Amino acid sequence: DGGITQSPKYLFRKEGQNVTLSCEQNLNHDAMYWYRQDPGQGLRLIYYSQIVNDFQKGDIAEGYSVSREKKESFPLTVTSAQKNPTAFYLCASSYKGGSLTDTQYFGPGTRLTVL
Amino acid sequence: AQSVTQLGSHVSVSEGALVLLRCNYSSSVPPYLFWYVQYPNQGLQLLLKYTSAATLVKGINGFEAEFKKSETSFHLTKPSAHMSDAAEYFCAVSGPHTGNQFYFGTGTSLTVIP
């Protein structure tokens, strides 16, 4: 079955540690996205990538980093510089980067808790 | 900048009653509009989208939405609520001035009362 997988489902981190969230898709989509979801705030874009080896900052990129070395993978690293990292993180993909009408397909999410 | 506003963070309806979830957009240029549904601890799933074709858009699970330019609205409706409709619903916008980004509303939590 085609889709997006995120791992792990739950992640606990101590303050000061970096942590990497995995996102893999087998939909052959060009574009991939990372969102952060907090209660009452909806989804906010962290980073997005329209093609391999290219990515752009979203509205809340500070304290996060990404890479896009393969079309199917778009890992997100939450660094110690992120002041309030506890949140639900969602990865998404769409067929073509730069298309504003393409449907975004979402993974099941990773819930990160900083202890 | 384009944005969407969802009026009512929580909506409760009785099973079998009309579902109406409100979404208004702010843009001088007609945008593209989407409704997504999220079940607890899951990702989002597209219900329907408006991409400048027919103004009345039909989606999955019996939902539909109407694009009204004069009201800058894209409200989501379903004639008869089912228990399985209980979820969080997000309106989203994209368009010529969003810089290839999609902007999501803050969400509306729908409760269906048996």
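A note on names: the letters A, B, ... follow the listed sequences, proteins ahead of strands, and every chain is numbered from 1. Here the structure is a predicted model, which means the values were calculated and not measured.
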Take A:Lys71 and A:Asp30 through the salt bridge (charged side-chain N to carboxylate O under 4.0 Å, His left out) test and state the conclusion after the steps. CA-CA 7 Å; A:Lys71 186 175 185 178; A:Asp30 284 337; 3.3 Å; yes
Mind checking the [atom1]-[atom2] spacing from [X] to [Y]? Nearest 0.5 Å is all I need.
{"X": "B:Leu20", "Y": "B:Lys78", "atom1": "CG", "atom2": "NZ", "value": "14.0 Å"}
{"X": "B:Leu21", "Y": "B:Glu88", "atom1": "CG", "atom2": "CD", "value": "10.0 Å"}
{"X": "A:His29", "Y": "A:Thr103", "atom1": "NE2", "atom2": "OG1", "value": "9.0 Å"}
{"X": "A:Tyr35", "Y": "A:Cys91", "atom1": "OH", "atom2": "SG", "value": "10.0 Å"}
{"X": "A:Leu43", "Y": "A:Asp59", "atom1": "CG", "atom2": "CG", "value": "12.0 Å"}
{"X": "B:Ser80", "Y": "B:Glu15", "atom1": "OG", "atom2": "CD", "value": "7.5 Å"}

Side chain [X], main chain [Y], donor-acceptor under 3.5 Å:
{"X": "A:Gln82", "Y": "A:Asn84", "result": "yes"}
{"X": "A:Asp54", "Y": "A:Ile51", "result": "no"}
{"X": "A:Asn26", "Y": "A:Gly3", "result": "yes"}
{"X": "B:Asn24", "Y": "B:Thr5", "result": "no"}
{"X": "A:Thr79", "Y": "A:Ala81", "result": "yes"}
{"X": "B:Gln6", "Y": "B:Tyr89", "result": "yes"}

Enumerate by number any residue of residues 104-114 of chain B whose heavy atoms lie under 4.5 Å from heavy atoms of chain A; in the absence of such residues, state 'none'. B:Phe104, B:Gly105, B:Thr106
Contact listing (chain A partner; residues 34-47 of chain B; heavy atom under 4.5 Å): B:Phe34, B:Tyr36, B:Gln38, B:Asn41, B:Gln42, B:Gly43, B:Leu44, B:Leu46
Under 3.5 Å, is there a donor on one side chain and an acceptor on the other for A:Tyr47 and A:Ser65? no
Give me the one residue out of B:Tyr50, B:Phe67, B:Phe74 that meets ring pair (Phe, Tyr, Trp, His ring centres under 6.0 Å) with B:Tyr25. B:Phe67
Positions in residues 105-115 of chain A that reach chain B, provided some heavy atom is under 4.5 Å away: A:Phe106, A:Gly107, A:Pro108, A:Arg111
Which residues in residues 15-25 of chain A have any heavy atom closer than 4.5 Å to a heavy atom of chain B? none
State yes or no: do B:Val19 and B:Leu48 share one hydrophobic cluster built from I, L, V, M, F, W and Y residues joined by side-chain heavy-atom distances below 4.5 Å, directly or via other members? yes
Group every Ile, Leu, Val, Met, Phe, Trp and Tyr by side-chain heavy-atom contacts under 4.5 Å, then state whether A:Val52 and A:Met32 land in the same group. no
Proximal component of A:Gln37, with respect to chain B [non-hydrogen, under 4.5 Å]: side chain
